[in-house]
2 protein chains.
Amino acid sequence: MDVRTLCLGILTLGDASGYEIKKQFEEGPLAFFYQIGFGAIYPALKSLNRDGLVNCTEIMQHGRPNKKIYSITSEGIKIFKKYLMRTPACDKLRSESIVMFFFAHFLAKEHLDGVFEGYLDENRKAVETIKNINQNNISPECQFTNGLGLTVYNAIVHYMENNRRLLFDEKGSDQREPEMK
Amino acid sequence: MDVRTLCLGILTLGDASGYEIKKQFEEGPLAFFYQIGFGAIYPALKSLNRDGLVNCTEIMQHGRPNKKIYSITSEGIKIFKKYLMRTPACDKLRSESIVMFFFAHFLAKEHLDGVFEGYLDENRKAVETIKNINQNNISPECQFTNGLGLTVYNAIVHYMENNRRLLFDEKGSDQREPEMK
DNA sequence: ATAACCATGTAAATGGTTACATGATTAG
DNA sequence: CTAATCATGTAACCATTTACATGGTTAT
């Protein structure tokens with residue numbers, strides 16, 4: 001799913017500027033299922049506008065660039081719906097932290113410790129971010145995806161808390177098995 | 001983490017051909033944390049060889065292209081370890097299925113149903129694949145990452161089984177809240 | 001004072017996917 | 001007989017990231 005399609009999707013929820021769309025991908029309900037940056041969003045909006053899938057209203061501002069509010073057109077909605085009829089691609093995950101855990105025997109203890117705490121932190125923050133999404137008045141779909149995210153990030157946090165020893169125990173200790181509930 | 005680095009990592013586990021490295025990223029313990037294809041692996045191995053980070057031994061075969069077994073050099077190990085000293089990037093996930101759930105109100109019921117069952121299946125298969133990784137004689141690091149993967153994919157499967165109604169219930173039913181253990 | 005936030009945009013570089021090209025062997 | 005597996009590789013294409021460019025406002 002490319003950035004153009006993702007922007008169309010966000011705009012079905014209401015008008016927004018590029019900046020606001022970026023925020024959606026940092027703190028909004030889709031933040032955990034896609035990450036995109038300014039360098040991809042601004043050109044995407046431009047090309048969507050060129051193709052008539054979104055309209056643009058410029059709001060004059062002083063001291064900063066004019067704000068451009070985009071709204072999706074009926075043609076844009078049509079294209080977005082059409083995209084959704086496809087069979088979705090498989091999930092793609094890229095986790096450098098987990099690769100580092102896998103190769104933990106090559107890491108200095110202090111560094112491994114930093115990577116571990118950093119990853120715990122990343123996942124704890126994800127839990128907090130989802131909890132902070134306003135839970136009133138949200139659609140059941142959004143409840144579903146929020147709940148899924150919360151479940152996954154909580155599972156990671158708990159697993160890490162309970163299985164730290166697999167990465168940090170000295171050699172020669174008893175057999176170890178991962179604990180899972 | 002680029003494909004070159006990932007290939008070096010795999011080769012620290014033992015010599016392998018490009019084809020075998022690909023299999024590692026389909027069925028091996030890293031399969032859930034990175035996905036890469038032939039079109040990226042073969043050029044990567046070629047360039048690693050050119051840079052002296054891996055050696056290549058060609059094994060003659062009849063009826064199919066000669067097999068090229070790569071082995072990591074001491075320089076390659078040095079470079080790989082150096083890479084691991086960096087601060088890992090944040091996880092990047094891309095899930096078209098979850099985006100489709102989020103926009104479920106735009107989908108025909110039959111299609112939503114297909115996407116839902118497909119995603120359940122994808123995650124159930126992931127659980128099976130991890131369970132099928134030979135659990136004897138594996139390092140604690142690998143136990144850790146396998147266990148983490150198992151925990152996450154199990155959590156997704158159970159969440160989906162228990163919260164199907166959030167996506168499929170008719171409008172006008174009682175208030176619904178996601179169930180999480 | 002300092003950091004974070006607001007606000008947009010371009011160009012170059014990176015890096016990976018997809019499609020193509022080839023074709024025997026083995027398992028069900 | 002059909003599908004999957006084995007086995008490598010290139011080239012064109014696609015999409016995104018990163019770095020650069022600019023700079024006032026607001027909260028701590």
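Chain naming here is simple, since letters A, B, ... match the order of the sequence lines and numbering starts at 1 in each.
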> Looking across every strand, which nucleic acid part, if any, lies under 4.0 Å from B:R94 by heavy atom: base, sugar-phosphate, or nothing?
Replying inline: sugar-phosphate
> Within this structure, what is the CG-to-P distance between A:N66 and D:dT22, rounded to whole angstrom?
Replying inline: 18 Å
>> Ring-plane angle category for B:F103 and B:H105, please: parallel below 30°, perpendicular beyond 60°, tilted otherwise.
In response: tilted
>> What is the distance, to the nearest angstrom, from the CD atom on B:E27 to the C1' atom on D:dC6?
In response: 13 Å
> Nearest of C:dT17, C:dT10, D:dT8 to any side-chain atom of B:S17?
Replying inline: D:dT8
>> Of the options D:dG9, C:dT8, D:dT10, whose atoms approach the side-chain atoms of B:Y70 most closely?
In response: D:dG9
> If only side-chain N and O atoms of B:K22 are considered, is one of them under 4.0 Å from the OP1 or OP2 phosphate oxygen of D:dC6?
Replying inline: no
>> Using a strict threshold of under 4.0 Å (side-chain N to carboxylate O), is an ion pair present between A:R164 and A:E117?
In response: yes
> Quick one: on DNA chain D, does B:P43 or B:E20 contact a more 5' nucleotide (nearest heavy atom)?
Replying inline: B:E20
>> A cation-pi test, strictly: NZ or CZ of B:K22 under 6.0 Å from the centre of the six-membered ring of B:F38 and no more than 45 degrees from its axis. Yes or no?
In response: yes
> What nucleotide, of C:dT8, C:dG16, C:dG9, holds the atom closest to the side chain of B:V3?
Replying inline: C:dG16
>> Considering every strand and a 4.0 Å limit on heavy-atom distances, what is the contact class for B:K23: base, sugar-phosphate, or nothing?
In response: sugar-phosphate
> When the distance from CD1 of B:I21 to P of C:dG16 is rounded to whole Å, what number comes out?
Replying inline: 14 Å
> Taking atom P of D:dT22 as reference, at what distance in whole Å does atom CZ of A:F38 sit?
Replying inline: 18 Å
> D:dT10, D:dG23, C:dT8: which one has an atom nearest the side-chain heavy atoms of A:R64?
Replying inline: D:dG23
> Nearest to the side chain of B:D2 - C:dG15, C:dT10, D:dT16?
Replying inline: C:dG15
>> What is the distance, to the nearest angstrom, from the OH atom on B:Y42 to the P atom on C:dT18?
In response: 17 Å
> Tell me: CD of B:E96 to C1' of D:dA15, nearest whole Å?
Replying inline: 14 Å
> Rounding to a whole Å, what distance do you find between B:R50:CZ and D:dG9:C1'?
Replying inline: 15 Å
> Could you give the NE2-to-C1' distance, from B:H62 to D:dC6, as a whole number of Å?
Replying inline: 12 Å
> Given D:dT10, C:dG16, C:dC6, which nucleotide is nearest the side-chain atoms of A:Y19?
Replying inline: C:dC6
> Hey, does A:G37 reach any base, or is it just sugar-phosphate, or nothing, if we go heavy atoms under 4.0 Å?
Replying inline: sugar-phosphate
> Would a distance-only check, ignoring hydrogens and angles, find a side-chain to backbone donor-acceptor pair under 3.5 Å from B:T73 to B:G52?
Replying inline: yes
>> Quick check with a 6.0 Å cut-off and a 45 degree axis cone: is B:R94 positioned over the face of A:F33's six-membered ring?
In response: no
> Among D:dT8, C:dT17, D:dT17, which nucleotide sits nearest the side chain of A:A40?
Replying inline: D:dT17
>> Measuring to OP1 and OP2 of C:dA7, would you say a side-chain N or O of A:Q61 lies under 4.0 angstrom away?
In response: yes
>> Centroid separation under 6.0 Å, is that true for the rings of A:F102 and B:F144?
In response: no
